[in-house]
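Okay, structure first, notes after.
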Amino acid sequence: MEEQRFDEQLKQIRHKRMQLWAVFISYLPVIGITLSMSEGNFAPAVVCIIWIILAAIGGMRVSFSRCPRCGNLFHMRGAGTSWGRRCRHCQLSL
């Protein structure tokens with residue numbers, strides 16, 4: 001019963017994690033396409049910078065997600081981050 005109350009919030013955390021994985025997985029194909037289509041060194045550098053910014057934003061969104069059960073940061077305990085499938089505080093599973 002308790003798990004059902006948290007389903008929507010856990011779904012949001014899972015969605016943020018999937019977005020972050022999509023950013024990580026997209027790097028090689030996107031940079032490869034950019035390198036093959038560009039004639040200079042400017043475009044790949046811009047794509048790389050944009051990718052780094054998106055990865056940083058995605059990482060922060062995932063890291064600073066709050067657990068619906070205990071209200072603490074789901075993936076962080078102290079200064080350490082672990083993108084595991086359980087809350088670092090109350091062990092609520094995604």
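Residues H75 and R17 have side chains in contact (heavy-atom distance under 4.5 Å, counting atoms from C-beta outward). For the pair L73 and R66, the minimum side-chain heavy-atom distance is below 4.5 Å.
Residues satisfying the side chain to side chain donor-acceptor pair (under 3.5 Å) test with S26, not counting sequence neighbours, are none. In terms of the side chain to side chain contact (heavy atoms under 4.5 Å, CB included) criterion, residue partners of T34 (sequence neighbours excluded) are, by chain and number, V30, A43, P44, V47. Applying the side chain to side chain contact (heavy atoms under 4.5 Å, CB included) criterion to I50, with sequence neighbours excluded, gives V46, L54. Under the side chain to side chain contact (heavy atoms under 4.5 Å, CB included) criterion, H89 pairs with C70, N72, R77, C87, sequence neighbours left out.
Judged as a ring pair (Phe, Tyr, Trp, His ring centres under 6.0 Å), the pairs with a partner in residues 28-74 (not counting sequence neighbours) are, in order, Y27-W51.
Atom OG of residue S93 and atom CG of residue L10 lie 8.0 Å apart, to the nearest 0.5 angstrom. Interatomic distance, L92 CG to R69 CZ, rounded to the nearest 0.5 Å: 4.5 Å. Atom CE of M76 is separated from atom SG of C67 by 14.5 Å, given to the nearest 0.5 angstrom. Interatomic distance, CD of Q9 versus NZ of K11, reported as 13.0 Å (0.5 Å rounding).
Looking at every heavy atom in both residues, A55 comes nearest to F24 through CB-CE2, 4.1 Å.
In this structure, V23 is a member of the same hydrophobic cluster as L28, with clusters built from ILVMFWY side-chain heavy atoms closer than 4.5 Å.
I49 belongs to a hydrophobic cluster with I53, I57, counting contacts under 4.5 Å between side-chain heavy atoms of Ile, Leu, Val, Met, Phe, Trp and Tyr, direct or through other members.
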